[in-house]
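Predicted model, so just to flag it, every value in this text is computed and none were measured.
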Amino acid sequence: MPNSKPCQTSTGCMCTWNPTTGPIKPNRNTAMRMSQLFSQTLREAPADAQSEGFALLVRAGFIRQIAAGIFASLPLGLRALRKIEAILREEMNAIGGQELSMPVVLPADLWKETGRWYTVGAELARLKDRNERDLVLAMTHEEAVGDLVRREVQSYKQLPRLIYHIQTKFRDDPRPRAGLIRVREFSMKDSYSLDSSWEGLDRQYRAHYQAYFNIFRRCGLPVISVKADTGMMGGNLAHEFMYLNPIGEDTIILCEACGYTANRQVARVRKPTPPTEAPLPLEKVHTPRTKTIADLAAFLQIPEARTAKAVFMTASIPTGQEMTDQLVMAIVRGDMELNETKLSNVVNAKELRPATEEEILASGAVPGFASPYGLHDVLVVVDDLIPNSPNLVAGANETDYHLKNVNYGRDYATPLVADITAAGAGDACPECGSLLQAERGVEVGNIFKLGTWFSKALGCTFQDENGENQLVIMGSYGIGLGRLLGCVAEEHHDANGLIWPESIAPYSVHLVLLPGKQNALPQETAEGLYNQLTAASLDVLYDDREENPGVKFNDADLIGIPLRLTVSGRSLENGGVELKLRNRTEREIIPLDAVVSRTQSILAALHAELQAAAVLVDYHE
RNA sequence: CGGGGUGUAGCGCAGUUGGCAGCGCACCGCGUUUGGGACGCGGGGGUCGGCGGUUCAAGUCCGCCCACCCCGACCA
């Protein structure tokens, strides 16, 4: 702006004057006048807001929903996300991470190379460009990383490396829900470790384990780490970082006595010791109208533990490029439940769903009275407790009949014997035998030893010291930013609004002006403070609006900035500016000349408190 | 994809037997008020989710579709 000169229109204004357009309000990135802010607070939350934290984020003007599972971040929300990003970058860089950026739109060819173009369902968004070439919207970036790695990495001298980016992803989830917790479009920090040895992978994995605790604690979010399912990707170890809260979609099994924690998908239990009995002869009994285990146990007057339960599932199992549907009969003891994730892993299934009645009948089984005799084309999987449990009652494969004294080994057998039972509250801890608890949790981060699955699929190799070609050993590590923000809002709020941890608050100081009518002193004081605080590099949100005091205080509470300064005729008469912390009830008057230094020292203390929480944690698998 | 629910102003909602589209908050103007969502007066704002049908007349009745929410299935 060649003709610009200092603003001549208002006192203390730092804008420049453009002769053609008039004054242009500066957008000093650290400060904002609320009269200029692009968003408004809402007195009522949208009726369909699904949790308190989410409702407050909407009411306070941080986010707006655009479509199912798709959100816009307003300036306040984006500033909070930017602060989370800064923490992510610090902690990633601290463990040797190098930031880069990978595209959201990827050629389908890459996904065809790994096979995921074929194996991933409709949650992978597919599109075509103008030349009819297939493209995908990245739902994760292993393919993109692999492609880069095979281009860049040739030698063991280029390993290990850690790369990461913060990027948008899209997963066309069949059912987005719970506000920011489960969305379709989201920003994620994902890092990828590249190693020449498994020891190297373990080092980077453990470094992430610690870094993730640092990140969440610096954001003020309490999390626990749990062992997680590694799924189909050939990985051999995964942890999830869980924020325990009823809004969570995952069930966490934990033992207060010894600290065992696991996602219910992989949680083990210490199974009861079955009675030792000699096998008795098979006996067919008439058991009318006993299609459920409860009915059967009641009819025969035996505990459910003396029965065997057959659950029919249909598994999609990859055979080459094709998927084959395979009927699976899973047998667990009658008092236990089937864990579908475990079963899925045992049979190597890509998908697993309850079998239809037709599918069951086609195999020769009778639903409700099924047993593993006389069946065809059925994969039988037996829980590892069954072979030790003698003389169980099982179906006779005939309507209204069951068999007593069924014994695994004598009466039937299968190569697939494994732990396929679900853990639940009240079961015995697999480590110490104490009673397990079950809690709901939100997965805010995960770390995953991928191994060589992607390297193999994409040809990511390097030459080792001996000139031999080896596969790059990979790990992947993710944190969803919006989900993290949503969890922090869930954790830190009260009836009046949000209460941001200092580290991720969109602004550090909320300066409230109550101008009054007597004189211009409050206004001039507030403007002066605004400039002083900004000059001291503090993030200031300045409520210069013409609103009633009640409106301003309520909005301040709603937005939840950690430290509030109020300038009014009354405060000045009392000797200065009123200072109040959002999470405290006390207020105190600070002399004008001490406001900046006092504000700085309080914020520094709040900051130090969060930093101090980022301590070394014990690593346990 | 199955089951249920809701679509009327920016947000929250009412709208009777089919008969001029309403209320509260928010927004604009004027005035009063000024330490916890204050008051008065005057305003602006609608393809009643969409398309089709019945009817003299449809927010309202019928059909189809769409969107959003909840439960389930699903979730590298």
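- Rounded to whole Å, atom C1' of B:G37 lies 11 Å from atom CG of A:Asn496.
- Atom CG of A:Asp173 and atom C1' of B:A73 are 12 Å apart (whole Å).
- Checked by distance alone, A:Arg171 brings no side-chain donor or acceptor within 3.5 Å of a matching partner on the base of B:C75.
- Distance from the side chain of A:Arg177 is smallest for B:A73 among the nucleotides B:U34, B:G37, B:A73.
- Among A:Tyr205, A:Phe448, A:Tyr212, the single residue meeting the ring pair (Phe, Tyr, Trp, His ring centres under 6.0 Å) criterion with A:His239 is A:Tyr205.
- At a cut-off of 3.5 Å, with distance as the only test, no side-chain donor of A:Gln265 or A:Asn339 sits close to an acceptor on the other residue.
- For A:Lys169 and A:Phe186, the positive end is not near the middle of the six-membered ring at less than 6.0 Å and at most 45° from its axis.
- Searching all strands for a Watson-Crick or G-U wobble partner of B:G44 with both distances below 3.5 Å returns nothing.
- Among the atoms of the strands shown, base atoms are found under 4.0 Å from some heavy atom of A:Ser571.
- Residues A:Arg483 and A:Glu443 meet the side-chain proximity criterion, which asks for heavy atoms closer than 4.5 Å.
- Each of B:G35, B:C68, B:G37 was ranked by its minimum atom distance to the side chain of A:Ala68; first place goes to B:C68.
- In terms of the salt bridge (Lys or Arg N to Asp or Glu O under 4.0 Å) criterion, residue partners of A:Asp419 (sequence neighbours excluded) are, by chain and number, A:Lys271, A:Lys342.
- Shown here, B:A21 forms no base pair; nothing in the strands shown gives a Watson-Crick or G-U wobble contact with both key distances under 3.5 Å.
- In this structure B:C39 sits in a base pair with B:G31, meeting the Watson-Crick or G-U test at under 3.5 Å.
- Separating the C1' atom of B:A38 from that of B:G49 is a span of 38 Å, rounded to the nearest Å.
- Applying the side-chain hydrogen bond (donor to acceptor under 3.5 Å, both in side chains) criterion to A:Ser73, with sequence neighbours excluded, gives no partner residue.
- Across B:U60 and B:U17, the matching C1' atoms stand 11 Å from one another, rounded to whole Å.
- Side-chain atoms of A:Asn245 and A:Tyr243 form a donor-acceptor pair, as typed in the model, at a separation below 3.5 Å.
- Across all strands shown, B:G63 forms a Watson-Crick or G-U wobble pair with B:C51, both key distances being under 3.5 Å.
- B:C13 sits 31 Å from B:G31 when the C1' atoms are compared, rounded to a whole Å.
- The nucleotide whose nearest atom lies closest to any side-chain atom of A:Glu547 is, among B:C27, B:G35, B:C71, B:C27.
- Atom P of nucleotide B:C74 and atom CD of A:Glu249 are separated by 13 Å, given to the nearest angstrom.
- Residues satisfying the side-chain contact (heavy atoms from CB on, under 4.5 Å) test with A:Asn496, not counting sequence neighbours, are A:Asp494, A:Asp557, A:Arg582.
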For nucleotides 38-45 of chain B, give me every protein contact, N/O to N/O, under 3.5 Å, one pair per line with atom names.
| from | atom 1 | to | atom 2 | distance (Å) |
| --- | --- | --- | --- | --- |
| B:A38 | N7 | A:Asn548 | ND2 | 2.2 |

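- We find that CG of A:Leu514 is positioned 6 Å from C1' of B:G35, with the value rounded to whole Å.
- Across B:G37, B:C74, B:G35, the shortest atom-to-atom separation from the side chain of A:Glu578 is found for B:G35.
- If you measure from atom CZ of A:Arg126 to atom C1' of B:A76, you get 13 Å, rounded to the nearest angstrom.
- Within 4.0 Å of A:Arg564, counting heavy atoms only, lies at least one base atom of the nucleic acid.
- Nearest-nucleotide positions on RNA chain B for A:Val120 and A:Gly69 put A:Gly69 closer to the 5' end.
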At a cut-off of 3.5 Å, list every protein nitrogen or oxygen paired with a nitrogen or oxygen from nucleotides 6-12 of chain B, distance to 0.1 Å.
| from | atom 1 | to | atom 2 | distance (Å) |
| --- | --- | --- | --- | --- |
| B:C11 | O2' | A:Glu44 | O | 3.1 |
| B:G12 | OP1 | A:Ala47 | N | 2.8 |
| B:G12 | O2' | A:Glu44 | OE1 | 3.0 |

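- Between A:Asp172 atom CG and B:A76 atom P the separation is 15 Å, expressed in whole Å.
- Taking the salt bridge (Lys or Arg N to Asp or Glu O under 4.0 Å) definition, one finds that A:Glu44 meets it with nothing, sequence neighbours left out.
- B:G19 and B:G15 have their P atoms separated by 13 Å, with the value rounded to a whole Å.
- Comparing B:G5 with B:C61, their P atoms sit 15 Å apart, to the nearest whole Å.
- Between B:U16 and B:G53, the two C1' atoms lie 25 Å apart (nearest whole Å).
- For the pair A:Arg126 and A:Trp117, the cation-pi criterion (under 6.0 Å, within 45° of the ring axis) is fulfilled.
- A donor and an acceptor atom sit less than 3.5 Å apart, one in the side chain of A:Asn446 and one in the base of B:A76.
- Judged as a ring-ring contact (aromatic ring centres under 6.0 Å, His included), and not counting sequence neighbours, the contacts of A:Phe54 are A:Phe71.
- In this structure, A:Gln518 atom CD and B:G35 atom C1' are separated by 12 Å, rounded to whole Å.
- As judged by a 4.0 angstrom heavy-atom cut-off over every strand, A:Glu340 is placed among residues touching the sugar-phosphate backbone only.
- With C1' as the reference atom, B:G22 and B:G29 are 23 Å apart, rounded to whole Å.
- At least one side-chain nitrogen or oxygen of A:Gln65 sits closer than 4.0 Å to the OP1 or OP2 atom of B:C69.
- The separation between A:Leu558 atom CG and B:A26 atom P is 14 Å, rounded to whole Å.
- Here the separation of B:A9 from B:C48, taken at their C1' atoms, is 10 Å to the nearest Å.
- Residue contacts shown for A:Arg587 include a base, since a base heavy atom lies under 4.0 Å away.
- Every side-chain contact (heavy atoms from CB on, under 4.5 Å) that A:Ala138 has, sequence neighbours left out, goes to A:Leu106, A:His141.
- Residue-level contact check: A:Ala238 touches neither bases nor backbone, having no heavy atom under 4.0 Å from any strand.
- In this structure A:Lys580 satisfies the salt bridge (Lys or Arg N to Asp or Glu O under 4.0 Å) test with no other residue, sequence neighbours excluded.
- Judged by distance alone with a 3.5 Å cut-off, no donor-acceptor contact links the side chain of A:Arg175 to the base of B:G4.
- Look at B:C68: its Watson-Crick or wobble partner, with both distances under 3.5 angstrom, is B:G5.
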